[in-house]
Amino acid sequence: MEPEAQEDVTIYPPSLGGTVCPSQLFWLHKQTLSHDWHRNFSFDSFMIVFPYGYDFALCFEEFVNLFKWWKLVHNYKSKPFTLESKLPPDLQIKAKVFMVQLGDDPFEIKLGDNYELLKDECQENIIRKNVMDQKINTLRKQHGYIPSDTIEELYASLTKKSSDIYVKRSRLLYANTPMRTKLFTWTMKDLEIIAMADLSFHGKENAVKHMREIDSDSPYPEEGLEFLTLWCRYVTVNINHWTVMLRDYPQPMFDVKNLYLWGRLVGAEQDGTKRAKRSCTVEVASPWTNMEVERNLPALKFYHDFSCDVVSWTQAYGANWEPCVAQYNVCFDNVNKPSIDPSVPMPIWDKIRLLLHGRLTISIQEMTWLYHASFDPYNTTEFMDWTWTNLLMEWTNANFLLKGDFDISVNTASKYDDCKLLHLPNLRLNIHLDWISRGDPNDHHAVMPCAPDKVPEYSLEDHDSFRAFRSQNLSVTMSLDTKPKHDNTLNVPKCIFYASTLRFLDKIKLCLAGVTRPTRRGALFSNTKSRKPQLTRHYKSIKMAVNLHRFNICYWMSFSKQHGSELLAESFVLNVCNDLSLVPIEDGLFHRPAANWSVRYLSCELLGAKTWLCSAHKESEDEQLNHSLRFPVDKSFFISVSRVTYLRGEVVESDSSDEEEDVKNGAKPTHCVHVYDMKGAWNKSNNIVLIGLYDSYQKAQSLRRNLSSDALKVVKVDEGRNAYKNRTSSFQDRASSPTAEKSDPFAKSQRGKAYSMLMKLVAESDSKSIVFTEEPSSVNMDQLQGVAACQTDDVTQKNWLIELHNSQVIVKGCETPGHVIISAAHAQVLSCNHVPVWKDNQLRSKTTWVCSVECMQYYATVDSGPESDDDKMAWLSPENVEDRSEPDLSGLTEMVSSGHSVGGVVYSYFPHSNKKSKMKDCIQLQRIISRCKCQIFYASYGECDLSLLPEVPPPPSDDSDMMSREQGADSFTLLHHDLNICTNSSQYLMILDIVNNLLLHTEQSKKETTEKLQSMRFQLQLSPIEDQKTPIQLLQERVREEVQKQRRLEKDIYLIHKILNDEDIEPDPDEEESLTNNADHLEKLLYECKEQINTLNEELSIRISCFQESQLIKIKAQMKTAKEKQAQVEKVNEVCFKFAHWRLTEKDGQLGIADLVLRNFVYSKVNRDNETWTHQLELGWVKVTNLQPNTMYKDVLVPRDPLGKESDRQMALRILCSERSPVGGIAVKEHFEVVVIPLQIQITYHFYKILLAFFFPGETDEDDDVENKKKDKKEKDKKKKEAKKSKSSFYIDVDSEDIDKMRERAANNNTFVYVKIPEVSMRVSYKGEKEKNIEDIHDFSIILPTFEYHNRIWTWFDILMALKNDSKRLILSQAIKQKLHMRSRVGDETPLTDVQQEEDKMKMLLGAKLLAGQDKPRKKSLFGKSQEK
């Protein structure tokens, strides 16, 4: 069709008050019109500009009123819209460029430009000053002295010149470049809109039919509706490029390419009732009078059924753009006038529900959501990227459905750029919105606005025309499902992140948690409207269901992939529901209610999960340079589970109130975790990787802590009982009231002289740090502090319940072949919150953890067997792990096996082994510990938040029972009931290797750090605190400079890789090689920079630690001088074994060597707040039995007194050690005491050799003697040299080497204030290697007298040598006398013990011959006569 005419048309806005606005609003270029049946409008460019401050809404209001007045004057009445009405023509609109602009505030623009000018001028001023300094130095070199007045004049002139330059630049700021005016820009290129009419759409009946078909969820009134505007068209929209820009920000807010939309569109404006009509006055000049026109209040609604194809869709937002968006909202009020209805304005989501209805289906090849991770609005590099690929999105009524591949990437200006954080292929995301309102949320036809002058009288105060339709809350239901693709089964959900990714997520958290400042709000700006509600505070509940068919998680410490971990699971199911409640804040100030999120229920299930620990593949141990992603990775199996379930709350909706009451009352735990068939592996490689991961985390936290402003703050020490004095005075007053005395059971205790004496005795016992008790061990076992603190009589809430079923862990040493498997049929961990406890006028919260392990067994390999791969390990069968107290003997394997007792032999098979190779691919294991029970009790006390307590317990009264009060000290108790152990020599060495090289192993770097800390302490002992602060500040500046250098290097590497990976640029081969070499050089510099940061940060941590220790020492010294305080117990650690039986066997694991039996073993360590601690070890009974055949002595070691009724009061061994804080780096043992009951020792040389071969295979006692002599000579030579050096260098200045020697000596020595070892009585029997030996002794009575030492500085070896030398003479004299049967003199006669007296009575009654089997034949003395006793 040929156009009829072409012309340029310029349309200005209607005048307000009779004047024409000079700003151009509409500009049309090359307009084209066609005939009546087809309207075609074509523009090269169509631009709509809304200047800042121009009230277009008021102008448009007057234009519509004028049009209504024109129709009223000419008596124009609308005709009924029927099928016979004239069919409207089709409409086609084309525009090469369509643009809508909102003008920005000129004041804000100039303010921003001036700020940028100031920043640039500041940098230029620094450059000018540096040039001036260089010129002055040159003049000084040439002319010598320059007067100071001259220099001051030069700098003053420079300052004046800089000011003049700034003023000149400010005036010429917009001379060459015009001032920016855009606030919001909407641009569409190659826009084409076609709206076609058809008889099937024509008429009210057809239009309403399509409207109801599109919006089927909304109830349509039976009586029908009347419309002022009603039309239906088939619409197609084609856009080549669509962008939305904010100000001059480089990142578009919307960027859409190649959009094509088609579908039905219905527009309907409902005819309002009388109250929904408003009257407007049209001012008409004389001689005519003003006239009233009637306007309809209901808005025009759109019903759509659209489908859309998009090639690319990108949208961006962030906290850095919120001020600009707030300015846009302020300016947009002049474009679109708000409703004049006196009701509270509806939020944006309710307006969308009211005006838009229908379906929108979009097919997008790539859709990207960008969230800014920076507060800079000009940011182009820091984003969190959410990308959908091959997306199919469907938006229907309150429902969103998205299908496609979903990726979350992290975009940073570093080598971690475009790190794919999450990849979910073939994802189906369904979001359902449940709008909660007083009426039907879909009944928008019943919504009828009301004019301000027609508000009913009954609703004048709180009128709301949208009361029934307005949403009160929103409940969201989300479901995420992934399904495997048939063409690519390896494409599974995957998550990969680094330690830097976690720091990036912290930045995202800060951006999301930030509160937007108000923009142009308040009386000054004539904007006193209430703040718009936020959607995040409108939720009532959010339900989410996640079902991933398979997923993989990879974590790496850094981009070099030195250490990391990987998790692969077969299935992951998550169901969670969170509720939101707004809690008012009542503190006398105006606050919006606080948002309180709570978990209604959460259930999670993980199936078939495996975890590996990964490390970079190294050719040698010394290789440390970072690698890229292309290098291979070593993986080591760590842990696997067949099923893990987590439950919080109940998923079933019924009886939720009763379940909540059960949780509050403590009947049900809040968190329940069940782990089934857990299998783990612990070896050297896993140990190295985990230590590396932990060290990297500690270094990152240390760097952040050391560079913070709180690093050098003054340390505050809580003064204990006075800290909460003011806070708890009200509770004490309440407790002292008569009502409190009636309720408190301790208030009725007697008061008198005896009670006061008891209080003094308790106070004296608390003030002394040396505690010694004569209570029996078994009673102490029943009164362990950890067990007593974890009682459940005062539980307020059960927090965590973790249960493990059929678990087993393989532990492999570093130096010995074979491995150990630890299995447990059932393990349970329970965490509880208790009633708060009062301690020193402080209310302390109490939390306990109780762990119970049932049917725990240890298996060790008899022989190494075939080598096991990390993914294929030989595990125990379920029958060897489960608790089978009554075994079923129906199977042949149960009948021929060695049972479930200790020492039994079982076989572990590799998975997926064939029947033929089953016996070959198996490992023989021996049960070394059988079906024991272990319990762990831990109680911790911390700060208590009184606002969270439903009721504050009253403090104990002064006359309450002091002994019944809870100490309130952290306690840890490990309790083993029965231990039956059976090992051979190789298994013992294997366990020793595991303990030394895995469990107790300390990395060399940790040792070096500890040594550096000790050296720094010695260096800074005599330096004041003020002198320590300056080096720390200088070191902090160096670390900050290195961190900035690291960021700069990462940015440079990022830019180089961006150029190399840019597909649009084809660089020259020489240039590409140069860039690659430059990138490699920068990588090395970056690695060196990181190493330098770690070294400086380590030194900084040591200095800050010493600085804080010096502060603590000074503050505590002042506190001690001000007021002496009784020592309070802070922490108690306890280890207890009720019964332990260890059988030593031969290599085959069956023939026994010896039995060791221990009973009532208790070890406790008590830490106090005055830097003292006490160790106490008690052993109730011990016995060692020789199991060798035809041996002379069966009982090798046994207490002489038999167990009787008073056996509970016997302790075979008691060790007490009380320590104080080190003085000058030397540990102080304030009290050390060892108590041993009378023992009987019977041993043969053959048994000694067997034990030596068991514990030290391949070694002999002769080799040990030679080595000991060599060591003694070396130690004597060292002591002589050190003594000479100490005499010669006592008064010489101490250097670093001397400090190291001092530190080593202090670490090896101990100050023993008081050492006591009471008298020990023993009966010893020994049989040598041959049949008759001179060293053979039988039933020798040896008495070690009491040893006491005072104020000695010894090593542990020194104290052993002192005991050896002091007891050697006494034992030798007693042995010679008994060996030669020499009668002691009357004055030196040794008193007979009870056992000896009983033996003499037996000899007198029965005769010596009858006891010949018990006693050895008498030998003659040197003088030829028999010696009688």
Side-chain angles (χ1 to χ4, degrees), residues 816 860 862 902-903 926 928 980-992 1140-1158 1181-1200 1212-1213 1236 1238-1269 1320-1342 1344 1364 1367-1368 1371-1372 1374-1376 1378-1381 1395 1411-1419:
T816 55
V862 179
V902 64
Q926 184 180 17
I928 59 176
N980 294 317
I981 310 172
C982 177
T983 61
N984 57 20
S985 177
S986 61
Q987 294 167 352
Y988 165 77
L989 294 177
M990 187 194 309
I991 296 174
L992 201 64
H1141 180 198
W1142 183 15
R1143 171 161 293 185
L1144 284 66
T1145 62
E1146 298 286 350
K1147 292 183 178 181
D1148 57 358
Q1150 301 299 325
L1151 298 179
I1153 296 176
D1155 276 348
L1156 172 63
V1157 180
L1158 303 176
W1181 192 71
V1182 60
K1183 182 179 181 182
V1184 179
T1185 305
N1186 188 355
L1187 301 181
Q1188 294 293 313
N1190 302 324
T1191 184
M1192 180 176 294
Y1193 304 114
K1194 288 292 184 181
D1195 296 334
V1196 178
L1197 177 65
V1198 66
R1200 290 175 55 186
L1213 175 65
V1236 184
L1239 298 174
Q1240 182 174 354
I1241 302 175
Q1242 301 177 126
I1243 190 171
T1244 62
Y1245 178 79
H1246 180 65
F1247 183 72
Y1248 163 73
K1249 295 289 288 184
I1250 292 176
L1251 290 184
L1252 182 65
F1254 183 90
F1255 291 104
F1256 307 100
E1259 297 183 5
T1260 60
D1261 52 353
E1262 297 178 357
D1263 298 336
D1264 294 340
D1265 294 339
V1266 175
E1267 291 180 0
N1268 291 333
K1269 289 179 181 179
V1320 180
S1321 176
M1322 295 184 294
R1323 281 189 174 271
V1324 182
S1325 299
Y1326 177 75
K1327 178 66 174 69
E1329 182 179 7
K1330 300 179 182 179
E1331 184 177 355
K1332 293 183 178 180
N1333 306 276
I1334 192 172
E1335 66 268 17
D1336 294 347
I1337 57 176
H1338 177 71
D1339 205 14
F1340 271 27
S1341 177
I1342 298 175
L1344 296 179
K1364 174 184 175 182
S1367 60
K1368 186 176 182 180
I1371 294 176
L1372 185 61
Q1374 296 180 27
I1376 292 174
Q1378 297 192 35
K1379 184 71 176 177
L1380 301 178
H1381 299 278
V1395 179
L1411 301 175
Q1414 299 179 7
D1415 298 336
K1416 295 182 66 175
R1418 299 182 179 181
K1419 296 183 180 180

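These numbers come from the heavy atoms of this one structure, side chains and all, not from hydrogens, waters or symmetry mates. Along the sequence shown, the residues carry numbers beginning at 1. Keep in mind it's a predicted model, so treat the numbers as computed, not measured.
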Kindly indicate, with the supporting measurements, whether the criterion side-chain contact (heavy atoms from CB on, under 4.5 Å) is fulfilled by Ile928 and Ile991. CA-CA 11 Å; Ile928 59 176; Ile991 296 174; 3.8 Å; yes
Side chains of Trp1142 and Leu1158, heavy atoms from C-beta outward: is any pair under 4.5 Å? no
Smallest heavy-atom separation, Arg1200 atom then Ser1321 atom, equals NH1-OG, 2.7 Å
Using a 3.5 Å distance criterion without hydrogens, assess whether the side chain of Gln1242 forms a donor-acceptor pair with backbone atoms of Ser1325. no
Tell me whether Thr1145 contacts the main-chain N or O of Thr983 through its side chain, where contact means a donor paired with an acceptor under 3.5 Å. yes
Does any non-hydrogen side-chain atom of Glu1146 lie less than 4.5 Å from one of Asn984? no
Can you confirm whether Ile1250 sits close enough to Leu1144 that some side-chain heavy atom of one is under 4.5 Å from a side-chain heavy atom of the other? no
Shortest non-hydrogen separation from Phe1254 to Ser985 and the atoms involved: O-OG, 2.7 Å
Using side-chain contact (heavy atoms from CB on, under 4.5 Å), reason through Ile1153 and Gln1188 one step at a time and then give a plain yes or no. CA-CA 6 Å; Ile1153 296 176; Gln1188 294 293 313; 3.9 Å; yes
If you look at every heavy atom in Phe1247 and Val1196, which pair is closest and at what distance? CE2-CG2, 3.7 Å
To the nearest 0.5 Å, how far apart are CD1 in Ile1243 and OG1 in Thr1191? 10.0 Å
Of the non-hydrogen atoms in Ile1337 and Tyr1193, which two are nearest, and what is the gap between them? O-OH, 3.9 Å
More than 12 heavy atoms of other residues, nucleotides or ligands under 6.0 Å from NZ of Lys1147: yes or no? no
To the nearest 0.5 Å, how far apart are CG in Leu1239 and CD1 in Ile1342? 11.5 Å
Please tell me if the side chains of Tyr1248 and Glu1329 come closer than 4.5 Å, counting only heavy atoms from C-beta onward. no
What closest approach, in Å, do Met1322 and Ile1241 show between heavy atoms, and which atom pair accounts for it? SD-CD1, 3.9 Å
Nearest 0.5 Å please: distance from the CG atom of Asn980 over to the NE2 atom of His1141. 7.0 Å
Closest contact, heavy atoms only, Cys982 versus Gln987: O-OE1, 3.9 Å
Test side-chain contact (heavy atoms from CB on, under 4.5 Å) on Tyr988 and Ile981; report intermediate values, then the result. CA-CA 11 Å; Tyr988 165 77; Ile981 310 172; over 6 Å; no
Would you say that Arg1143 contacts Val902 through its side chain, given a criterion of any heavy-atom pair below 4.5 Å between the two side chains? no
